[in-house]
Q: 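Here it is: the structure, laid out below.
Labels below follow one simple rule: chain letters A, B, ... track the order of the sequence lines, proteins then strands, and each chain is numbered from 1.
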Protein chains: 2
Amino acid sequence: MTENNNLEKLVGLSKEKGLKLTPQRMVIFRILSECNQHVTVDQVYQKASAEYPMLSPATVYRNMEQMVDAGLLTRLDLGGSSMRYDTNLEEHHHFVCTECGKVSDLYLEDIQYKMDANRSQLGKAKINSLDLHLQGTCGECV
Amino acid sequence: MTENNNLEKLVGLSKEKGLKLTPQRMVIFRILSECNQHVTVDQVYQKASAEYPMLSPATVYRNMEQMVDAGLLTRLDLGGSSMRYDTNLEEHHHFVCTECGKVSDLYLEDIQYKMDANRSQLGKAKINSLDLHLQGTCGECV
DNA sequence: TGAGCAAATGCAAATGATTCTTATCTAGGT
DNA sequence: ACCTAGATAAGAATCATTTGCATTTGCTCA
Ligand SMILES: [Mn+2]
Ligand SMILES: [Mn+2]
Ligand SMILES: [Zn+2]
Ligand SMILES: [Zn+2]
């Protein structure tokens, strides 16, 4: 299944990056490959510590950051109180439901182009990242 | 001048909203009408406490939030460590320079329209706020 | 004008996410 | 089996923001 592939991919990539395969890292990897995308550190920590009680939150924080550095995850600032991490590495944007908190992916191919048209306002500034914060009520919460 | 107009407007509106004209509130109003937009609470607190030394940070936090509730300010989450507050109430977006931290306003009239075209992905979800998060290097930092 | 009351304030302690410190441990190579 | 760089647990530290509470103060109305 997809989960196993994801897990194997994570293990493989982490080996490449020189990350040691510690049991706590394995638990985190597995949780990530089973979880939905857009998790918070705390969500991962809760699940992981259930099966590995002596796990420290700092370890999860550290591991998630390392994975971002290694390119296995993307860090998302969706405006909430805590950061989220995305296993979907494709270029995309997000919609956050203010009722239930659900995060939906959005693929907006022409936003970049649209921006270019308005770039004049920025003079010689160079845009490095463009990301859209959409909030509202999702289909189930309407 | 513009500053005085802004100050008068703030005083007038706050009266309408039933906010008492305390000296600390007056200082905060004046600072806001003189400062550039996109200030942090701390920036306001620094300036304000210079002329009103017994001022408490909590008071500034509370006042800024009240002004947001009263529609005199907009709260901006620009991704930095602290919130920013905008005295510009027009619909607009922001570009943040990652070098110097400068925040520039951007007016993108057709983003909304462009979004509508892509709304299909969201099903019956209702978008309440759309805001664009742009980062890069500003004209002076290139 | 002044009493009364809700609103506002200052202070300090609480919060919550994240990071840092430090002593201890261990995975993986030799 | 042994060594060592890297990893961990535990908890202290940080930092922005919020909150509880005792006290003060604008403002309204008699
Ligand atoms: Mn995503
Ligand atoms: Mn602005
Ligand atoms: Zn929802
Ligand atoms: Zn700059």
Q: Would you kindly give the CD-to-P distance between B:Q66 and C:dA7, to the nearest whole Å?
A: 11 Å
Q: Kindly say if B:N63 contacts the phosphate of C:dT9, meaning a side-chain N or O under 4.0 Å from OP1 or OP2.
A: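 Checking B:N63 against C:dT9: at least one side-chain N or O falls below 4.0 Å of OP1 or OP2.
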Q: On DNA chain C, compare the nucleotides closest to A:P23 and B:L19; which residue's is nearer the 5' end?
A: B:L19
Q: Going by atom types alone, do A:Y85 and A:E65 pair a side-chain donor with an acceptor below 3.5 Å?
A: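 Note: A:Y85 and A:E65 side chains meet the donor-acceptor criterion.
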Q: For the side chain of B:S82, counting heavy atoms from C-beta on, which of C:dA8, C:dG28, D:dT17 is nearest?
A: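 That would be D:dT17.
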Q: Assign A:D42 to base, sugar-phosphate, or nothing according to its heavy-atom contacts below 4.0 angstrom with the strands shown.
A: nothing
Q: Below 3.5 Å, can you tabulate the donor-acceptor pairs from side chains in residues 50-57 of chain B to any protein atom, sequence neighbours excluded?
A:
unit_1, atom_1, unit_2, atom_2, d
B:E51, OE1, B:R30, NH1, 3.3
B:E51, OE1, B:R30, NH2, 2.7
B:Y52, OH, B:Q24, OE1, 3.3
B:S56, OG, B:A58, N, 3.2

Q: From NZ of B:K17 over to C1' of C:dA8, roughly how many Å is that when rounded to an integer?
A: 19 Å
Q: Using atom CE of B:M67 as one end and atom C1' of C:dA7 as the other, report the distance to the nearest whole Å.
A: 17 Å
Q: Check for me whether the distance between the ring centres of A:H38 and A:H94 falls short of 6.0 Å.
A: yes
Q: Whether A:Y61 contacts C:dT18 is assessed here as follows: a side-chain N or O lying under 4.0 Å from the phosphate OP1 or OP2. Is that the case?
A: yes
Q: Output the rounded distance in Å from OH (B:Y85) to P (D:dA16).
A: 13 Å
Q: Between P on D:dC27 and CE on B:M26, what's the gap in Å once rounded to a whole number?
A: 10 Å
Q: If I take atom CZ in residue B:R25 and atom C1' in nucleotide D:dT25, what distance separates them, rounded to the nearest angstrom?
A: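 After rounding, the reported distance stands at 12 Å.
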Q: Report the residue (B:T22 or A:L21) whose heavy-atom-nearest nucleotide on DNA chain C is the more 5′ of the two.
A: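 By nearest-heavy-atom nucleotide position, the 5'-most residue is B:T22.
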Q: Measure the distance from NZ on B:K15 to C1' on C:dA7 and round it to the nearest whole Å.
A: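 Roughly 16 Å, once rounded to whole Å.
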Q: Can you tell me how far C1' of D:dT8 sits from NZ of A:K20, to the nearest Å?
A: 11 Å
Q: Taking only nitrogen or oxygen atoms into account, show me every contact under 3.5 Å that the protein makes with nucleotides 9-11 of chain D, one pair per line with its distance.
A:
unit_1, atom_1, unit_2, atom_2, d
D:dA9, OP1, A:Q24, NE2, 3.3
D:dA9, OP1, A:M54, O, 2.9
D:dA9, OP2, A:S56, N, 3.1
D:dA9, OP2, A:T59, OG1, 2.4

Q: Going by atom types only, do B:Q37 and B:R84 share a side-chain donor-acceptor pair under 3.5 Å?
A: no
Q: For the residue pair B:L89 and B:T74, establish whether any side-chain heavy-atom pair is separated by less than 4.5 Å.
A: yes
Q: Can you name the one residue among A:L134, A:L76, A:L78 that meets side-chain contact (heavy atoms from CB on, under 4.5 Å) with A:V96?
A: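 The side-chain contact (heavy atoms from CB on, under 4.5 Å) with A:V96 is passed solely by A:L78 among A:L134, A:L76, A:L78.
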Q: To the nearest 0.5 Å, tell me how far A:D131 CG sits from A:H133 NE2.
A: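 Going from CG on A:D131 over to NE2 on A:H133, the span is 4.5 Å.
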